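Only one structure is covered here, and it is reproduced in the block below.
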There are 2 protein chains.
Amino acid sequence: MNETQTPPMESGDLSQRIKDAVGAGDAERLAGLLDPLPSSEALRELLMLVPDERDRVLELVPVELAAELVEEAPNEMAVELVERLEPERAAEILEELVSDIQADVIGELDEEDAEAILSEMDEQEAADVRRLSTYADDTAGGLMMSEVFRFTDTQTVGKVLRELAAEDEDFEQYRGQHPCIVDQNNRPVGVVSLRGLLTAKRSELLTSIMVPPLTVPVDMPLEQLEDIFDENPFLSVPVVDADGVLVGVVMRSAFTDALLERSESESLKRQGVVGDELRSMPLWLRSRRRLAWLAANIVLNIIAASVISAYEETLAAVIALAIFLPMVSDMSGCSGNQAVGVTMRELSLGLVRPIDAFRVWVKEVSVGVINGIALGILIGLVAWLWKGNPALGIVIGLALALNTVLAVSIGGVVPLMLKRMGQDPAAASGPLLTTITDMAGFFFVLSLATLMMPWLIS
Amino acid sequence: MNETQTPPMESGDLSQRIKDAVGAGDAERLAGLLDPLPSSEALRELLMLVPDERDRVLELVPVELAAELVEEAPNEMAVELVERLEPERAAEILEELVSDIQADVIGELDEEDAEAILSEMDEQEAADVRRLSTYADDTAGGLMMSEVFRFTDTQTVGKVLRELAAEDEDFEQYRGQHPCIVDQNNRPVGVVSLRGLLTAKRSELLTSIMVPPLTVPVDMPLEQLEDIFDENPFLSVPVVDADGVLVGVVMRSAFTDALLERSESESLKRQGVVGDELRSMPLWLRSRRRLAWLAANIVLNIIAASVISAYEETLAAVIALAIFLPMVSDMSGCSGNQAVGVTMRELSLGLVRPIDAFRVWVKEVSVGVINGIALGILIGLVAWLWKGNPALGIVIGLALALNTVLAVSIGGVVPLMLKRMGQDPAAASGPLLTTITDMAGFFFVLSLATLMMPWLIS
């Protein structure tokens, strides 16, 4: 191969070639460019196109590749990709996916779009998806798929082996599942292990080698599924409804994906982004969502600033205080946020619960006192040396020390309080904490300054 | 059963009973209390004890239960639990765990502690752990375990079935692995599927039903493993060294755990907690780590505040500006952090790379302009109405609008820049962004006020 004639395979170059292929409507060339990429890269390339081009790609490429792209996309993105397509094409693509992903996408669509797509799908499959999309996201029902590797209590080991040997194209969807045995009312009565299957005679009844099944109710929340998957090495858990009837199976992979999504989504919310934003979303949606959070925050900021307003005379007398006000509030906010972060982590690891608030408070006060003293001395020295005013150093240092203790001890407890009140600690802890530490910080600096005024202006 | 005589099973009560059992050195009672709990709850109870009591628990309970607790603990906690034990007991506990967890713990211990424990372990096992603990954490080597379900290319299907039927107690550790076939040099030549095993004759050679293996090199980083596990439904991937020799296997579960840990750890770092703190860690360690980050931050704060110091005259003339300084810097910081959050998420989803910085910048400028105008008008009106001064409204509103555009566009790009420079975007983006937006915010407010002074004081 003559390497000098091969154009460089830079990312920018590939993107251009994809754009060209889309423009030319060349399905084959497009598939040739996207198919060899790992799906994450292919998705990245797709998202770099404008929406109309994205639609063309999903229409042109083979349906398996389109399905791969939709599957790779975070859910809110998958929904956006699918809702722009003709219902017929959308249905074709969705039919390539397993039922839990189908339901995630369908569940997020407008009712009208959803119905248009469902009516193009296989009737049985559409019914499954309708049912699955009614369950709440972070429950066993929301995470399960309806494809269960299911046998009845009258069948034999040989039946399972014949099914496996049948080269049924749908076999892949059962990967990681052990055969689940149900009675005539479709209630799980046992599961069969791989080892059981391999070492039993073909003529043996499945009931003679099965072990009692561990099942979970359809409304079990993610937190409890964590305990189940933690305690047991199973790759999947059968899900039953209120009557004990088998309705699906939660795969360990769907469960871990949900954990990871929750972690990412909480992390975003802590930075003031509610609603899992991606840059490929429409501009007005991104702006509006961010603004909603910022507007609430501006109100909290005004409340905090009103403390400064109450002390304008003190400020006018010692203008240097204005330099240190943002510093004290910012540093305390940072200290408090560290404590919030540790509590959020311990919450997600299950190491702490709302009932432990007092224990957490005690632990944080100790850190707060040590760090408050250290930071107070540091900033006090800075203020003294900078402005040549020892009293200013004492005011600022003392204010930061006090506010650090307050911020750290409140920061550790705020997420637990919010959780107990049924609020979302990830989204609300930061703004709540910052408002309190801003107000307290301004108050400490300005009231201490008022008290020490004679020394400050001497 | 007479319910009135049963003591209430509150958490506090259970904790007290555990404390009592530890105090009495009653191993049986202790195991009876801890064993029925899900491991996350049992670990929670353990962490509520003081360190000496924790040691006693791990010494008293059956070794399987102790191992369960160590396995459940986040790694930095597991290390702390183990290093306090007698080497003999520590070795006993570690021997219950699979090799990748052994290596994670041993790798974090002081060399002296590690050697003391290793010398008490089975020689072969100790050698494995020594080898595994040399690999970097987030690589295939760091994630793999050395227990491979391995067969040679001269063995038959029957051999695998006999091995499975042997009820070997170690069988559990291979769960989720497909048999891996190696040549006489221990190089992988194929893997056998479950279906292949179940549908082949016992006398058939494994080589006749195997498919070519997908292997990964021992130094493959987590990001690339993501592509591998994304593209393929495998539950495990064999790992080879530079000579192509089979050295271990990365389980999908170890891989997803690593992803989740990375996400949690980044989330903590974004809030200024470096080093995966848990409250059960020693106070001085927690304080010191948090202080290190805060002390760096205080320096950045001083730099930003020096901007205010340069405009003391302006401030003295219009003292109301001091009320709005923290507000403008805080609001812009929040806007910028939203953009940081979205970029961090897109980085971890693999949807954006450092090379895309310009594209991200363009996308963020649009959001920045819209939100800047909206927030600028909002805060401008507040300033005008609050202080009855329209010129103040214009100064503050314009400053916030400009600074929002700056903050949002810089915030989206900062993590990409840091990543390109080989820095950790999770830990450094926030402080870097805040310093820039603080300085710029103070500058915009105070320089605009200086320009508009005649109207401000009229």
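Numbers restart at 1 for each chain; the letters A, B, ... are given by sequence-line order, proteins then strands. Since this is a predicted model, take the numbers as computed values, not measurements.
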Legend entry - Under 4.5 Å from a heavy atom of chain B, the part of A/K269 involved: neither
Legend entry - Contacting region of A/V307 [heavy-atom separation from chain B under 4.5 Å]: neither
Legend entry - Heavy-atom proximity to chain A below 4.5 Å, by part of B/F324: neither
Legend entry - Contact class of B/L378 relative to chain A, heavy atoms under 4.5 angstrom: side chain
Legend entry - Which portion of A/T256 sits near chain B, non-hydrogen atoms under 4.5 angstrom: side chain
Inset, instruction - Would you mind telling me which of A/E264, A/R270, A/R345, A/K387 has the largest number of heavy-atom pairs within less than 4.5 Å of chain B? - result: A/R345
Legend entry - Contact class of A/P74 relative to chain B, heavy atoms under 4.5 angstrom: side chain
Legend entry - Top contributor to chain B contacts, counting heavy-atom pairs under 4.5 Å, from A/D276, A/L43, A/I379, A/V160: A/D276
Legend entry - Contact leader toward chain B among A/E41, A/R279, A/E277, where contacts are heavy-atom pairs under 4.5 Å: A/R279
Inset, instruction - Select one option (side chain, backbone, both, neither) describing which atoms of A/E72 are under 4.5 Å from chain B's heavy atoms. - result: side chain
Inset, instruction - Pick one of side chain, backbone, both or neither for A/A339, based on which atoms fall under 4.5 Å of a heavy atom in chain B. - result: both
Inset, instruction - Go through the atoms of A/S265 and report whether side chain, backbone, both or neither lie under 4.5 Å from a heavy atom of chain B. - result: neither
Legend entry - Top contributor to chain B contacts, counting heavy-atom pairs under 4.5 Å, from A/L197, A/V408, A/I302: A/I302
Inset, instruction - Determine whether more than 12 heavy atoms belonging to other residues, nucleotides or ligands lie under 6.0 Å from atom CD of A/E313. - result: no
Inset, instruction - Let me know if A/E346 has heavy atoms under 4.5 Å from chain B in its side chain, its backbone, both or neither. - result: side chain
Inset, instruction - Side chain from CB out, backbone as N, CA, C, O: work out which of these in A/I323 comes under 4.5 Å of a heavy atom of chain B, or both, or neither. - result: both
Legend entry - Engaged part of A/Y311 at the chain B interface, taking heavy atoms whose separation is under 4.5 Å: neither
Legend entry - Residue pair A/E266 / B/S267, side-chain donor-acceptor N/O under 3.5 Å: no
